[in-house]
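The structure displayed is predicted, hence computed values, not measured ones. Note that these values count all heavy atoms, side chains included, but never hydrogens, waters or copies made by symmetry. All residue numbers refer to positions in the sequence shown, counting from 1.
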Amino acid sequence: MMHHLDPADATTVDKMPGSLMAQNSSGAQRILETYGMMNVELQDASGNKLQIVNPTSIEMPISASQLATAPTTIPLWYFDETLGYWKEEGSATKVGTKYIGAVNHFSWWNCDAPFPTVSLGVTVLDSNQIPLANVRVELVRNTPIGSSIAPGYTNAAGEVSGWVPANQTLTMNIYSTNPACPNQIIYTQQIGPFSSNTVLETIIVPASALNTTVIQGTLTNCDTAPVTNGYVWLQSAGQFLYSQVTDGSFSFTVLSCSVAATSFNLQGIDFDSSKSTSLQIGTLNNQTIALGTLQACSDENNAVGQLYDIDQNFYTTVTIGQQIWTQQNLNVSRYTDGTPIPQVTNATQWSSLTTGAWCYYSNSAANGTIYGKLYNWYAIAGIHDNDPNTPNKALVPAGWHVSTGDELIVLVTFLGAGIDCGGKMKATGTTLWQDPNTAATNVSGFTGLPGGYCGTYGGFSNIHKTGGWWTSSEVDTTNARNFYLTYNKGGIDNPYNNKSLGFSVRCVKD
């Protein structure tokens, strides 16, 4: 059986395995541009899968749209099903209108040119020179197989940066921060090409493109002194924002979908005293709202719907049936007693671990801002060393736990256990989820995001396509239960996987 994927076919990106992330023969990470893919499978008369014994040649036609620019010699890459990314092995030669190369095994093969990259950075401000934080900045690159999209999110200073293809013209789109209108572009511009590392001029998003309300104030403690270790959070029309408070002052720039009145809730928390302000309720007015001084002097800090971890990350919660789940993925870097959980970025080291560790998808902190951290299962179990006399640690705050496999079944049963139960758990839209985000309604409030996963050997796969979460339920010494939501399915998968994989984590209230 053989199937060829033509780069000129716009659906190739949906049919191919993984993404175009790869590792070259020297072990370095690369981004690929495909000139064609082929999958070959051999079976005997009984349906048993076979492999070739001796090297043999494969031939792939070169798309007419790429023929003029196709290199004379191109690296060959095969898709490693275990690692979840492409690996370089051999090369192919251009002969007329096709590539011919020798392979040692049959699997997914790819003729790809790894393209050079440069670093690009930009700062985004509103018309009042105030940084726009948590704003999606998207770069679009047109290729023969369709548009390639790379998103990033601004930090508190309105800054975002990352690697982009060198010598390419790109389209930069900036989106509203409001999940109620996530596809609303508030700024667009063609940029590039760039031949070296570049920092763009600061972008000022014009006031006409924004429905912007600035909310400002001061947070004090019971003694009316400025809070130096706290947060203020704000919720409005489906968006959740929070601002760290270190000198008493706080400010939010809130984007809304229209000029129509939209309400917001806001609360301040002082971590040193474990006290909070009363709940503030207001209306976005597309101007500046000065709340004045808010005093954190209430004992109702952890009201229903809120949770903090040891790193002072804030989580909202949702009641689904008789269960209470966090709505964001875990993002903690320490066990509850303060013991650090190692961040492991080396693929070889990750693959050999039998103790707890975490990483960001593609080792990018920008992904962590959106999707939280990826943990191996040993972190779920709290295994911080291999001394049998050392007790395991707790990963999540007291009163909460990592969901079990049985609790997942209870959740799925409550949601109807049908072909759309996964859609009821997925965040809506195609800003983060890849199109078509089948059956996504998020009626449960679970708000599952496609954070991808880290493979057994430290590779990364399926961001924007898959959201995967561990359960605490162990299958055997090697495997544990987890569950998946997928961009092109409405259901939910509940398999088991090797404990070395890195998945997201959600908490359930005891």
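- The closest donor-acceptor contact from the side chain of N376 to the backbone of A357 lies under 3.5 Å.
- Here CD1 of I186 is found 11.0 Å from OG1 of T188. Values are rounded to the nearest 0.5 Å.
- Within the structure, the ring-ring contact (aromatic ring centres under 6.0 Å, His included) test picks out the following pairs touching residues 487-510 (sequence neighbours left out): Y453-F503, W470-F503, Y484-F503.
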V505/I380 under side-chain contact (heavy atoms from CB on, under 4.5 Å): CA gap, chis, key distance, verdict: CA-CA 8 Å; V505 172; I380 312 305; 3.3 Å; yes
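- With sequence neighbours excluded, no residue forms a side chain to side chain donor-acceptor pair (under 3.5 Å) with N488.
- With sequence neighbours left out, the ring-ring contact (aromatic ring centres under 6.0 Å, His included) criterion links Y361 to F460.
- Applying the side-chain hydrogen bond (donor to acceptor under 3.5 Å, both in side chains) definition to pairs two or more places apart or across chains, those involving residues 345-354 are T354-N386.
- Rounded to the nearest 0.5 Å, atoms NZ (K275) and CG (D270) are 9.5 Å apart.
- In this structure the side chain of L170 never reaches within 4.5 angstrom of the side chain of Q190, judged on heavy atoms.
- When all heavy atoms of N497 and P495 are compared, the closest pair comes out as ND2-CG, 4.0 Å.
- Shown here are the side chain to side chain donor-acceptor pair (under 3.5 Å) partners of N313, two or more places apart in sequence or in another chain: D309.
- Checked against salt bridge (Lys or Arg N to Asp or Glu O under 4.0 Å), D510 has no partners two or more places apart in sequence or in another chain.
- By the 4.5 Å heavy-atom criterion applied to side chains, L125 and V205 are not counted as neighbours.
- Side chains of V245 and T228 form no contact here, defined as non-hydrogen atoms less than 4.5 Å apart.
- Without hydrogens or angle criteria, N437 side chain to G429 main chain gives a donor-acceptor distance under 3.5 Å.
- In this structure, T317 contributes its side chain and T326 its backbone to no donor-acceptor pair below 3.5 Å.
- Taking CG from N367 and OG from S362, the interatomic distance works out to 6.0 Å, rounded to the nearest 0.5 Å.
- Proximity of a side-chain donor or acceptor of Q280 to a complementary backbone N or O of Q267 within less than 3.5 Å is not detected.
- In plain terms, the two heavy atoms of M425 and S444 that are nearest each other are CA-OG, 3.6 Å.
- Side-chain atoms of K424 never come within 3.5 Å of backbone atoms of G490 as a donor-acceptor pair (strictly under, hydrogens ignored).
- Interatomic distance, Q434 CD to T486 OG1, rounded to the nearest 0.5 Å: 11.5 Å.
- A donor and an acceptor atom, one from each side chain of R481 and N494, are nowhere located under 3.5 Å apart.
- For T336, the side-chain contact (heavy atoms from CB on, under 4.5 Å) criterion is met by A394, not counting sequence neighbours.
- In summary, the side chains of N479 and N498 do not present any donor paired with an acceptor at a separation below 3.5 Å, with no hydrogens or angles considered.
- Residues passing the side chain to side chain donor-acceptor pair (under 3.5 Å) test with D420: none are found, sequence neighbours excluded.
- Put simply, the side chain of L294 does not reach to within 4.5 Å of the side chain of T220, judged on heavy atoms.
- The two residues Y375 and L395 make their nearest non-hydrogen contact at CE2-CD1, 4.3 Å.
- Side-chain atoms of I191 and L139, non-hydrogen and from C-beta on, do get closer than 4.5 Å to each other.
- Put simply, the side chain of R136 never gets that close to the backbone of Y175: no donor and acceptor are under 3.5 Å apart.
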Audit row: I215, L284, side-chain contact (heavy atoms from CB on, under 4.5 Å) steps and yes/no: CA-CA 9 Å; I215 301 175; L284 304 179; 3.9 Å; yes
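- A 4.5 Å side-chain heavy-atom check between V137 and T154 finds at least one atom pair inside the cut-off.
- With a 4.5 Å cut-off on side-chain heavy atoms, T471 and V402 do not count as touching.
- A donor-acceptor pair under 3.5 Å is absent between the side-chain atoms of Q322 and the main chain of I320, judged by distance alone.
- Between L83 and T456 there is no side-chain heavy-atom pair separated by less than 4.5 Å.
- Listed for the Q328 side chain is a donor-acceptor partner under 3.5 Å among the backbone atoms of T316.
- For W400 and Y315, the distance between ring centers is not under 6.0 angstrom.
- The nearest pair of heavy atoms linking L432 to Y153 is CD2-OH, 2.8 Å.
- A search for side-chain contact (heavy atoms from CB on, under 4.5 Å) contacts involving E407 returns Q323, H401, S403, T404, V508, not counting sequence neighbours.
- The shortest non-hydrogen separation linking L485 to K426 is CD1-CG, 3.7 Å.
- Residue pairs meeting the ring-ring contact (aromatic ring centres under 6.0 Å, His included) criterion with at least one partner in residues 414-442, sequence neighbours excluded, are absent.
- Distance alone, capped at 3.5 Å, is enough to place a donor-acceptor pair between the K465 side chain and the G18 backbone.
- Of the possible polar contacts, none joining the S161 side chain to the G121 backbone as a donor-acceptor pair under 3.5 Å is found.
- Centroid-to-centroid, the aromatic rings of Y360 and W358 come within less than 6.0 Å.
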side-chain contact (heavy atoms from CB on, under 4.5 Å) between I341 and Y335, intermediate numbers included: CA-CA 7 Å; I341 306 169; Y335 296 108; 3.6 Å; yes
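- Checked against the 2.5 Å cut-off, the SG-SG distance between C454 and C359 does not fall under it.
- Under the rule for a side-chain contact (heavy atoms from CB on, under 4.5 Å), the partners of S119 that lie at least two apart in sequence or sit in another chain are W163, N197.
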Verdict with supporting geometry, W233 and F252, ring pair (Phe, Tyr, Trp, His ring centres under 6.0 Å): CA-CA 9 Å; W233 62 264; F252 290 97; 9.5 Å; no
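- Among residues two or more places apart in sequence or in another chain, the side-chain contact (heavy atoms from CB on, under 4.5 Å) test is passed with A417 by V412.
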Derivation of the side-chain contact (heavy atoms from CB on, under 4.5 Å) call for I203 and T123: CA-CA 6 Å; I203 291 177; T123 299; over 6 Å; no
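- Atom OG1 of T478 and atom NZ of K499 lie 7.0 Å apart (nearest 0.5 Å).
- The shortest non-hydrogen separation linking P131 to G158 is CB-N, 3.7 Å.
- The line from OH of Y231 to CG of L219 is 13.0 Å long, rounded to the nearest 0.5 Å.
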